[in-house]
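A short write-up of the structure that comes next.
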Amino acid sequence: MMDLQKFFDRSSVEVARALIGTELIFGGAGGIIVETEAYEPDDPASHSFRGVTPRTRTMFGPPAHAYVYRSYGIHWCLNFVCRPSSAVLIRALQPTSGLPEMEERRGKTDPLLLCSGPGRLCQALAISAEQDGLPLSQPPFSLTPPPLPPIIDVGTRIGISKAMDRPWRFGLHGSVHVSRKFV
DNA sequence: GAAAAGATCTGCT
DNA sequence: GCAGATCTTTTCG
């Protein structure tokens, strides 16, 4: 297990880049993180931009914790908290563990889409509001850094309506598991 | 108290 | 490629 306290005590942009290639396991299922997005304190697209609310209180808490929120009333999205009021959205994984469980939770679908997208990822790993605020340093979470520094793609974030020009989306170069291709 | 927007996914055309 | 599903949170009156 790596030094999570030090790892997450940086800007979300740095953490988002550093997370690419890291293996995330949650309760026996998971895979390699291939796509992330950074949300900064002074970022109009971030939930934390308009101050603390009941939903976003976790984002203002200590680093190295999970922030889970409901999206579009249907999906769950998993974030890692960095320095207070900033976080990294985990958008896609390359599955490596617990494939049968994830396939069962996701139902019949294209294998490539098992964890390709924040909503799909949470459904595959069975993550919901109960995991909001949990520390990443202990089970059921497990993070393992890559043996070698990966090649990283950079692009603009997806699905937002503000600050759309900031290049804060990161991906593993050449991965077929990203939710949308990098150009 | 009411209304609108939202860090999305799926299915159909 | 586009619209619908679906509901929580936040903002406005």
Side-chain angles (χ1 to χ4, degrees), chain A residues 8 11-20 22 24 26 31 33-61 63 65-95 102-134 136 152-172 175-183:
Chain A
F8 283 101
S11 75
S12 59
V13 173
E14 287 179 80
V15 175
R17 176 182 280 275
L19 277 173
I20 299 298
T22 298
L24 164 67
F26 175 80
I33 297 173
V34 297
E35 187 182 353
T36 61
E37 279 180 7
Y39 288 86
E40 287 281 277
D42 65 342
D43 177 3
S46 171
H47 287 170
S48 65
F49 186 64
R50 296 184 188 281
V52 185
T53 65
R55 177 179 60 158
T56 61
R57 71 193 184 292
T58 306
M59 273 188 85
F60 294 84
H65 284 240
Y67 166 47
V68 182
Y69 71 91
R70 196 91 145 135
S71 174
Y72 290 89
I74 310 171
H75 309 286
W76 298 103
C77 290
L78 172 66
N79 302 253
F80 293 164
V81 178
C82 306
R83 285 179 176 161
S85 76
S86 68
V88 174
L89 170 67
I90 309 302
R91 289 191 55 90
L93 301 180
Q94 170 190 325
M102 293 196 286
E103 283 171 2
E104 184 174 349
R105 286 191 280 258
R106 288 274 301 132
K108 189 178 182 182
T109 183
D110 188 325
L112 274 182
L113 300 179
L114 195 58
C115 298
S116 297
R120 299 184 180 123
L121 187 156
C122 285
Q123 186 185 9
L125 300 193
I127 286 174
S128 68
E130 296 167 25
Q131 280 73 46
D132 184 40
L134 288 186
L136 302 176
I152 294 176
D153 284 334
V154 182
T156 52
R157 295 177 291 179
I158 293 175
I160 57 176
S161 59
K162 300 162 192 160
M164 300 170 65
D165 56 333
R166 306 195 187 189
W168 290 345
R169 174 173 177 247
F170 301 94
L172 182 63
S175 173
V176 295
H177 293 274
V178 295
S179 61
R180 274 163 65 172
K181 286 190 174 179
F182 288 79
V183 285

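In what follows, chains carry the letters A, B, and so on, assigned in the order in which the sequence lines appear, proteins first and then strands, with residues in each chain numbered from 1.
Proximity of A:L24 to A:F80: side-chain heavy atoms (C-beta onward) are separated by under 4.5 Å at one or more points. Using a 4.5 Å heavy-atom cutoff, the side chains of A:I90 and A:L19 are in contact. The side-chain heavy atoms of A:F26 and A:Q131, taken from C-beta on, include a pair separated by under 4.5 Å. Inter-residue side-chain proximity for A:Y69 and A:N79 is flagged as met; some heavy-atom pair is nearer than 4.5 Å.
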Checklist entry - Can A:L172 and A:V178 be said to form a side chain to side chain contact (heavy atoms under 4.5 Å, CB included), step by step? => result CA-CA 8 Å; A:L172 182 63; A:V178 295; 5.8 Å; no
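Counting only residues at least two apart or on different chains, the salt bridge (Lys or Arg N to Asp or Glu O under 4.0 Å) pairs with a member in residues 35-44 of chain A are A:E35-A:R91, A:E35-A:R169, A:E37-A:R91, A:D43-A:R157.
At whole-Å resolution of the value, CG in A:D132 and P in C:dT8 are 15 Å apart.
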Dump every N/O contact between nucleotides 5-8 of chain B and the protein below 3.5 Å, one line per pair.
| unit_1 | atom_1 | unit_2 | atom_2 | d |
| --- | --- | --- | --- | --- |
| B:dG6 | OP1 | A:S161 | OG | 2.8 |
| B:dG6 | N2 | A:G73 | N | 3.4 |
| B:dA7 | OP1 | A:H47 | NE2 | 2.8 |
| B:dA7 | O4' | A:Y39 | OH | 3.4 |
| B:dA7 | N9 | A:Y69 | OH | 3.3 |
| B:dA7 | N7 | A:A45 | O | 3.4 |
| B:dA7 | N7 | A:H47 | NE2 | 3.4 |
| B:dA7 | N1 | A:N79 | OD1 | 2.4 |
| B:dA7 | N3 | A:Y69 | OH | 3.1 |
| B:dT8 | OP1 | A:R91 | NH1 | 3.4 |
| B:dT8 | OP2 | A:G159 | O | 3.0 |
| B:dT8 | O2 | A:H75 | NE2 | 2.9 |

Measure all distances between protein nitrogen or oxygen atoms and nitrogen or oxygen atoms of nucleotides 11-13 of chain C, and list the pairs falling under 3.5 Å.
none

Which atom pairs, donor and acceptor, lie under 3.5 Å between side-chain atoms of residues 115-128 of chain A and protein residues at least two apart or in another chain?
| unit_1 | atom_1 | unit_2 | atom_2 | d |
| --- | --- | --- | --- | --- |
| A:S116 | OG | A:L112 | O | 2.8 |
| A:S116 | OG | A:H177 | O | 2.6 |
| A:R120 | NH1 | A:S116 | O | 2.5 |
| A:Q123 | OE1 | A:R106 | NH1 | 2.8 |
| A:Q123 | NE2 | A:R105 | O | 3.1 |

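Proximity of a side-chain donor or acceptor of A:T56 to a complementary backbone N or O of A:S48 within less than 3.5 Å is not detected. Side chain of A:R17 to main chain of A:E14: no donor-acceptor pair is present (N/O by atom type, distance under 3.5 Å, no hydrogens or angles).
Residue contacts for A:R180: at a heavy-atom cut-off of 4.0 Å it reaches no nucleic acid atom on any strand shown.
Here A:H47 pairs with A:Y67 under the side chain to side chain donor-acceptor pair (under 3.5 Å) rule; sequence neighbours left out.
With the 3.5 Å cutoff on both pairing distances, Watson-Crick and G-U pairs in DNA chain C assemble into runs of at least 3 at B:1-6 with C:7-12, B:8-12 with C:1-5.
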